[in-house]
Amino acid sequence: MSRRKVSIVGPDHFTDIKLGEPKEFAAGLPAVKVALDHALKEMGLLRSIATLSKLNQKDGFDCPGCAWPDPEKRSSLGEFCENGVKAIAEEATTKRVTADFFKQHSVSEMSAWTDYEIGKSGRLTDPMILKPGSNHYEPISWNDAFDRIAQSLRNLKNPNEALFYTSGRSSNEAAFLYGLFVRAFGTNNMPDCSNMCHESSGVALGETLGIGKGSVTLEDFGDAEVVMVIGQNPGTNHPRMLSALEKCKENGGKIVAINPLKEAGLLRFKNPQHVNGVVGGGTSLTDHFLQVKVNQDVALLKLILKKLARLEAERGNVFDRDFINTKTQGLEALLADLENYDDQTLLLQSGVDAVVLDAVVQLLAGKKRIIICWAMGLTQHKNGVDNIKECVNLLLLKGSIGKKGAGTCPVRGHSNVQGDRTVGITHHVSPKLNEAYQRVFGFVPPAQQGLDVVHSIKAMHEGKANVFIALGGNFLSAASDTVYTGEALQNCELTVSISTKLNRTHLVPGQTSLILPTLGRTEQDLRDGKERFVTVENSMGRVHQSHGRLTPSSTNLMSEPEIVAGIAKAYFGESSSIAWDALGKDYDLVREKIAQVFTGFNDYTNRSKDGGFDLPNHTRFGDFSKLPGGRASFSLCKLPNHSLTDARFLLTTIRSHDQFNTTIYGLNDRYRGIHNERRVVFINPDDARELGFTTLDRVDLVSHYAGKKRRATNFLIVPYDIPKGNLAAYFPETNVLIPNDQFADKSNTPISKSVEVDIERVLVETAT
Ligand SMILES: Nc1nc2c(c(=O)[nH]1)N[C@H]1C(S)=C(S)[C@@H](COP(=O)(O)OP(=O)(O)OC[C@H]3O[C@@H](n4cnc5c(=O)[nH]c(N)nc54)[C@H](O)[C@@H]3O)O[C@H]1N2
Ligand SMILES: Nc1nc2c(c(=O)[nH]1)N[C@H]1C(S)=C(S)[C@@H](COP(=O)(O)OP(=O)(O)OC[C@H]3O[C@@H](n4cnc5c(=O)[nH]c(N)nc54)[C@H](O)[C@@H]3O)O[C@H]1N2
Ligand code: SF4
Ligand SMILES: [Mo]
């Protein structure tokens, strides 16, 4: 089969960089200005006002940005942040990708645009099909599109030859219907964006505490004595978390940040909702900053645990003995294991300052209410699961789980990624869940474990999977090994994307490809003149309603639940025992079914009103009675092993301030002093000097795994305050470097935050 001529990775040209100084504070007036600029540019004045007045209000829509929860009391000044406004502006843009647009631009042509250019084309308006051999998408009716999918699914020899990806913006209702259809169809192949994100957290928390979710609520931040923020950049990725950190500080709490980069949002916060944040100096946030080397968090945490254990032996009252004795198991083994490590080696390996470290140990020794927050800086490593287990060890030693002001806080990414998992998006098999499906819907779901993201890609590449369907997301750009992933998608007989906006995945398609345009969060969802709402779950386990308010960007859009029901009905036909039509129309009915399959959702529709309800979470109350042995577990974690024989650097791939994953809002990374460019690589100034590089020299990044070189071309050197031996650069541009078979133990999350690479100079006359 011949593949279309497309550019899988897109162009690598520069955009005329302007360098500034990294910022010392986050938000404040500049954030308000930037937010308004984005809103006005994409939506115009009236639409901006109409939209922002409903964002995160109880009668409005949930922010499609991150999963940070809303406070109980909503501010009349608006409950949103700069990046929430950008997320909204991107979705509520007035630009459109119409059938005419596809007539003008071929797939090959568009694939040579950057992700930024592709995304800025606007909202998709009509279902489109790309036929075998054709280079232009053309319109197709909804019914024909559903029939086309049903036909491909029927043609498969085995249901396991189909893959059903989900990204975390979909509502609970859409995700539940999707999971129901996929199981009824006969596979558990449900790769999910979580596989690339917090899967390591889910595994680590599940194994130690019995639930894959965090234990804290927003209110706990006001009661915490210490909040540790590890491997997370809240100023950019969860900006309203800074208000929670501010609250902690106001009440006398301390903040410890552990990160290879001194992120502006961790230093100082100028809350635009307070006078002091607008005209004053704002709040200084981090009390102790530990500049850890990339992927040396286990070394650092082990050293902290060792020092705490020593203080406990010397003076007592450092560990919570009551808690340990009644609620945990494995302390002796943990303490014995720590003896195997030497303080000095751990210190050198972690790269942190010994004086700051001792101050942190003294602080932790004297406190009882500790919250640990983390995100991708911990999860996306070979030892991602162990990173989080070491955090759990610390909390268990301090008795800091299951009480006010203390606990685990994995800060989720997509606005409903947690909800999607809760209501059934998973490639894992649970016999209990399968029984529930059988009881409620009368069919037996498949018992064979499904494929996650990395294994789905492998299956497509090897020709073992033939149909790829995506409920949201941008699989090609988000996944690692871009070229390999692109080849994998092109191997498919059919690729289908249910999307709001055009993205690279649509442009590196299977033989036949369908784009099914759907309503976004901001948009009114009307059926027979009646308004419908969906529900979502935030990072702290609260389920609440989201009501779209804007006029949809096209009259030819369908809602996600309708699309899923449409595909299911076309596949199963009229005789299906599941009432697909009714479920696609009536979300109350979907919620009734969710409540029958999953626990904690009784009286769902009613309780989702007015801020919503909390799902059951035994860790929140320190109840470990249902765990094996009735206790939470300490874990023995291994140190990472980076021998760096072929490469000299560990590269961490991060988000700029102007992107949402693969959606590029703009070309600035204001807090880090980068303007109008994404192809930069941050390097320690001494490393740059030793290699003879100066600012804005042009380089390629090259990874070597199993003897294979992968190259990310054309980056500009930016000397930056980052540990020696480490580099940082933005994704998705760097995903070409990460082999699909390099992922975390147990969670299979790609090693996006510790890629072994080298730098090669590009010989040119002038840079840029
Ligand atoms: N505006 C905006 N908001 C977002 C997103 C977005 O792209 N844009 N994405 C959403 C999603 S899906 C997610 S998952 C979250 C992601 O939120 P984050 O995890 O905050 O995002 P990253 O940019 O990946 O940043 C990880 C942080 O970890 C640090 N880090 C890197 N390597 C290491 C390490 O080895 N150890 C430690 N301790 N730190 C390390 C980096 O310096 C950076 O500060 O944000 C969500 N919210
Ligand atoms: N190197 C590297 N790679 C990474 C990461 C990293 O830190 N480093 N982070 C990983 C992480 S944490 C994640 S979560 C993944 C993200 O992976 P994905 O979730 O697959 O990617 P997104 O960029 O969030 O998806 C954007 C697309 O979603 C569609 N969309 C937006 N809103 C909606 C909606 O409401 N409904 C529907 N149906 N579609 C919608 C739009 O078409 C848009 O183009 O990327 C991962 N990849
Ligand atoms: S913190 Fe996250 S959810 Fe809240 S407004 Fe900002 S982007 Fe949206
Ligand atoms: Mo994520």
Side-chain angles (χ1 to χ4, degrees), residues 64-68 81-84 86-87 90-91 115 118-119 124 165-171 174 192-198 229-239 257-263 265-266 290 292-297 300 374-381 387 411-417 453 470-480 497-506 515-521 560 563 640 650 652-663 665 722 726 728 730-735 737-738 749-755:
C66 73
W68 191 255
C81 69
E82 173 192 338
N83 280 345
K86 289 182 197 159
E90 196 74 17
E91 180 178 302
D115 285 330
I118 294 171
L124 297 158
Y165 177 65
T166 313
S167 165
R169 257 192 202 173
S170 295
S171 62
D192 176 31
C193 72
S194 299
N195 302 151
M196 301 181 264
C197 183
H198 264 296
V229 183
I230 315 187
Q232 194 207 343
N233 179 17
T236 286
N237 298 314
H238 309 89
I258 300 180
N259 200 308
L261 302 178
K262 264 189 201 132
E263 306 286 21
L266 295 169
L290 289 166
V292 69
K293 281 184 186 280
V294 164
N295 199 20
Q296 292 304 340
D297 298 87
L300 172 57
W374 71 89
M376 298 305 101
L378 287 194
T379 62
Q380 297 173 330
H381 301 279
N387 281 341
V411 187
R412 302 282 163 184
H414 270 295
S415 54
N416 196 40
V417 63
V453 165
L471 180 60
N474 180 5
F475 191 81
L476 172 64
S477 296
S480 19
S497 295
I498 301 167
S499 312
T500 52
K501 298 198 73 173
L502 188 68
N503 64 48
R504 186 165 292 286
T505 305
H506 308 140
I515 300 177
L516 306 180
T518 189
L519 290 173
R521 276 288 167 76
E560 290 181 341
I563 295 173
L650 267 193
T652 183
T653 64
I654 53 175
R655 292 155 169 80
S656 82
H657 193 60
D658 259 3
Q659 73 184 85
F660 191 93
N661 301 338
T662 71
T663 300
Y665 300 139
I722 182 172
N726 295 163
Y730 308 129
F731 95 96
E733 290 83 348
T734 42
N735 264 335
L737 295 167
I738 309 171
T749 297
I751 53 147
S752 317
K753 290 286 188 283
S754 43
V755 195

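Just so we're clear, the structure is a prediction, and the values are computed from it rather than from any experiment. Counting starts at 1 for both ligands and their atoms, in listed order.
Formation of a donor-acceptor pair under 3.5 Å by the Thr518 side chain with backbone atoms of Glu560 is found in this model. Using a distance-only test at 3.5 Å, with no hydrogens or angles considered, a donor-acceptor pair links the side chain of Gln380 to the main chain of Met196. Under a 3.5 Å cut-off, the side chain of Lys753 and the backbone N or O of Thr653 do form a donor-acceptor pair. Listed for the Asn735 side chain is a donor-acceptor partner under 3.5 Å among the backbone atoms of Ala479.
Atoms of ligand 1 lying under 4.0 Å from any heavy atom of Pro260, numbered from 1 in the order shown and given with element: 30 (N), 33 (C), 37 (C), 39 (N), 40 (C). Within ligand 1, the atoms closer than 4.0 Å to a non-hydrogen atom of Leu261 are 42 (O), numbered from 1 in the order shown. Under a 4.0 Å criterion applied to the non-hydrogen atoms of His381, ligand 1 contributes the atoms 34 (C), 35 (O). Heavy-atom proximity to Val292, at under 4.0 Å, picks out these atoms of ligand 1: 38 (N). Contact atoms of ligand 1 toward His238: 15 (C), 17 (O), 45 (O), 46 (C) (distance under 4.0 Å to a heavy atom of the residue).
Ion pairing of Lys86 with Glu90 is absent here, as no side-chain N (NZ or NE/NH1/NH2) approaches a carboxylate O to less than 4.0 Å.
For ligand 2, residues of the protein lying within 4.0 angstrom by heavy-atom distance are Tyr165, Ser167, Arg169, Cys193, Met196, Cys197, Met376, Gln380, His414, Gly472, Gly473, Asn474, Ala478, Ile498, Ser499, Thr500, Lys501, Asn503, Thr518, Glu560, Thr653, Arg655, Phe660, Asn661, Thr662, Thr663, Phe731, Asn735, Ile738, Ser752, Lys753.
No close placement of the Tyr665 and His657 rings is indicated, their centers lying 6.0 Å or farther apart.
Classified by interplanar angle (parallel below 30°, tilted 30° to 60°, perpendicular above 60°), the ring pair Phe475/Tyr165 is perpendicular. Note: His198 and Trp374 have perpendicular aromatic rings, judged against thresholds of 30 and 60 degrees for the angle between ring planes.
By the 3.5 Å distance cut-off applied to N or O atoms, Ile258 is counted among the residues near ligand 1. For Asn295, a nitrogen or oxygen atom sits less than 3.5 Å from a nitrogen or oxygen atom of ligand 1, counting backbone and side chain alike.
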